[in-house]
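Structure, as structure tokens:
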Amino acid sequence: MSIYQYILKRILMMLPVLLAVTIIVFSILHLVPGDPVRLALGEMASQQAYDRMRAELGLDKPLYIQYFSFLGRLFHLDLGKSVIYREDVTKLLGGKLLNTLELTGSALILSYFCAVPLGMLAAVKRNTVIDYLSMGLAIAGVSIPSFWLGFLLISLFSIQLHWFPIAGYGGIKYLVLPAVTLGFGGAAQVARMTRSSLLEVINQDYILTAKAKGLRYWTVITKHALRNALIPIVTLLGLRIGWLIGGAVVIEIVFLRPGVGRLLVSAIYMRDFPIVQGVTLILAVTVILGNLLADILYAVVNPKVHY
Amino acid sequence: MKRHKLFFNFSKSTNAIIGGIIIVLFFLIALLAPLLAPHPPNALSLKDALTPPCREHTLGTDEFGRSILSRIIFGARVSLNIALIASAVALGIGMPLGALAGYYGGWLDSIVQGLVDLTWAFPTILAALAIMFILGTGLHSVMIAVGVVYWAGYARITRGQFLALREEEYVQAARAVGASNLRIIWRHLLPNSLAPLLVQLSLGMGQVILIEASLSFLGLGAQPPTPSWGAMLSNGRAYLLAAPWLTLFPGLAIMLVVLGFNLMGDGLRDALDPRLSHIKR
């Protein structure tokens with residue numbers, strides 16, 4: 001099987017999960033206790049407005065027809081109309097999704113660029129002060145609440161040092177603190193994983209052979225050991241994408257960034273279910289696609305994977 | 001691995017001991033909260049509003065003059081309660097499903113595996129938010145939402161353990177003497193699968209506390225005036241410049257208790273995995 005056939009197979013395997021996700025997202029509306037239309041419009045709404053909205057949402061039709069119509073609309077990227085904003089959810093989500101992806105992408109890149117060298121250093125300098133410090137930092141990183149770290153960074157870098165703006169959205173200056181905040185926890189996990197997988201590889205026979213051939217130490221580490229140690233690190237990438245997208249919801253609130261996370265939380269407060277459904281669906285699909293990408297990357301870096 | 005050997009390995013790990021001590025301390029604080037708190041957690045005193053840390057108010061007061069120390073002490077009850085109940089919900093769903101999938105295999109396994117994959121398609125906080133949308137806000141909803149979100153990890157681990165153990169000789173021997181499937185699962189496979197579940201439980205409880213804090217921070221978890229660390233951080237956000245102690249101390253409390261669970265989980269994992277003994281120490 002070629003890599004293309006492998007990718008195709010993975011995409012086909014993804015389809016049932018995608019379908020199940022649409023069923024769950026569709027069910028959100030029907031699992032809310034009480035009448036969703038009354039909840040959205042409030043008790044004071046007129047019967048006319050109530051009937052109009054029920055018809056708009058297709059709630060007067062049988063459940064399976066509602067689902068197929070929901071699915072049909074999805075194919076046209078139609079996620080319905082927001083109850084509060086009276087605008088298409090797709091339109092509301094469009095720009096905000098890009099902002100969220102910008103934040104999660106930056107956090108992902110930042111966490112891998114910092115964490116892999118840190119984990120390597122900790123492994124190479126095992127049981128030294130550098131190892132203890134970097135692993136201490138890593139375990140603190142997975143224990144720290146991201147939004148609290150955001151507050152600490154704002155206090156230091158925005159309020160005390162005036163290096164970055166406190167909150168808001170704009171150029172790269174507005175992105176640094178949110179990306180560092182979001183990426184820190186992920187970086188901690190990647191650093192720990194890099195250290196432990198490198199330590200497992202470092203004692204293997206082929207590394208000893210490479211050393212015995214007289215190769216420079218760092219050449220052995222970067223060209224021989226790291227390539228194999230990378231496999232579990234790439235596996236972690238798939239998990240990290242979901243974690244980062246979830247984390248972005250909270251970080252957007254801390255830094256007042258206009259992303260889908262903020263939109264989702266305000267929609268939960270206002271019982272705006274088309275937005276809740278839309279954001280849940282879009283983010284779940286993003287995570288599934290991210291995992292697909294990580295799987296493909298895994299197959300590329302791991303020679304043991306047979307297509 | 002024999003129990004005394006596990007305890008011996010665990011007790012050799014400094015990190016695990018530190019983690020264990022932190023957790024025991026926090027549980028004691030939660031249990032003895034009414035005795036330890038210097039003031040009632042919800043006692044208002046507007047004349048003392050936003051007092052910095054001092055002799056009378058060790059960690060300062062919030063915008064309503066409530067003692068931060070007292071609220072942190074009582075907040076430990078909320079966080080640990082949720083960690084215990086939500087983890088019990090997750091374990092209660094995940095362990096039986098994982099056990100059935102691992103033991104019987106076939107279509108049952110495929111269904112459970114599919115459900116696990118589906119659960120993992122949703123980022124944890126997103127899934128919790130969607131469930132909170134359905135159930136409404138409040139701590140009870142948080143417990144259920146977080147429990148439902150975390151079941152998949154326990155199911156995956158139990159399934160893996162059952163798959164590895166079900167063909168062991170002692171299981172075949174039990175089958176040969178006519179033991180029922182239920183007895184094999186309950187008396188033989190489950191006790192031998194508990195160790196990795198314990199690791200997951202320790203690491204998972206730290207994650208549950210972080211998620212609860214995030215949901216309360218977003219205003220969806222604990223509702224006023226319940227003293228919750230996440231909600232305290234949310235209130236303190238408006239006073240970041242004027243009264244940084246409002247956010248500093250609750251955040252430290254969350255970090256410490258999560259650190260405790262993580263250190264203990266790591267220590268347990270190392271103690272259970274002899275391969276790691278030469279690496280970690």
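Chain naming here is simple, since letters A, B, ... match the order of the sequence lines and numbering starts at 1 in each.
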Query raised in the report: Is any side-chain heavy atom of B/Trp120 less than 4.5 Å from a side-chain heavy atom of A/Asn291?
Result: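 Not touching, per the 4.5 Å side-chain cut-off.
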Picking from [options], which has the most non-hydrogen pairs under 4.5 angstrom with chain B?
options                              : result
A/Ile253, A/Val265, A/Thr286         : A/Ile253
A/Leu29, A/Val279, A/Ile24           : A/Ile24
A/Val32, A/Ile139, A/Asp131, A/Val17 : A/Ile139

Side chain / backbone / both / neither for [X] at chain B, heavy atoms under 4.5 Å:
X        : answer
A/Val142 : both
A/Phe273 : both
A/Ile159 : side chain
A/Ile166 : neither
A/Leu264 : side chain
A/Leu149 : neither
A/Ile241 : neither

**Report entry** Over 12 non-hydrogen atoms of neighbours within 6.0 angstrom of NE2 in A/His30
**Finding:**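 Yes, NE2 of A/His30 has more than 12 neighbouring heavy atoms, counting only those of other groups under 6.0 Å.
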Please state whether the side chain, the backbone, both or neither of [X] comes within less than 4.5 Å of a heavy atom of chain A.
X        : answer
B/Phe217 : side chain
B/Leu248 : both
B/Ile125 : side chain
B/Trp229 : neither
B/Leu220 : both

Most chain A-contacting option - heavy-atom pairs closer than 4.5 Å, from [options]:
options                                : value
B/Thr124, B/Leu135, B/Leu129           : B/Leu129
B/Gly260, B/Ala213, B/Gly206, B/Ala130 : B/Ala213
B/Ala127, B/Ser214, B/Gly230           : B/Ser214
B/Ile254, B/Leu215, B/Leu218           : B/Leu218
B/Asn15, B/Ile209, B/Leu241            : B/Leu241

**Report entry** Donor-acceptor contact present, side-chain A/Trp148 to main-chain B/Thr247, <3.5 Å
**Finding:** yes
Query raised in the report: Okay, side chain of B/Arg237, backbone of A/Phe151: is any donor-acceptor separation there less than 3.5 Å?
Result: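 Absent.
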Query - Criterion side chain to side chain contact (heavy atoms under 4.5 Å, CB included) against B/Phe122, the qualifying member of A/Leu283, A/Val21, A/Ile245, A/Val287 - result: A/Val21
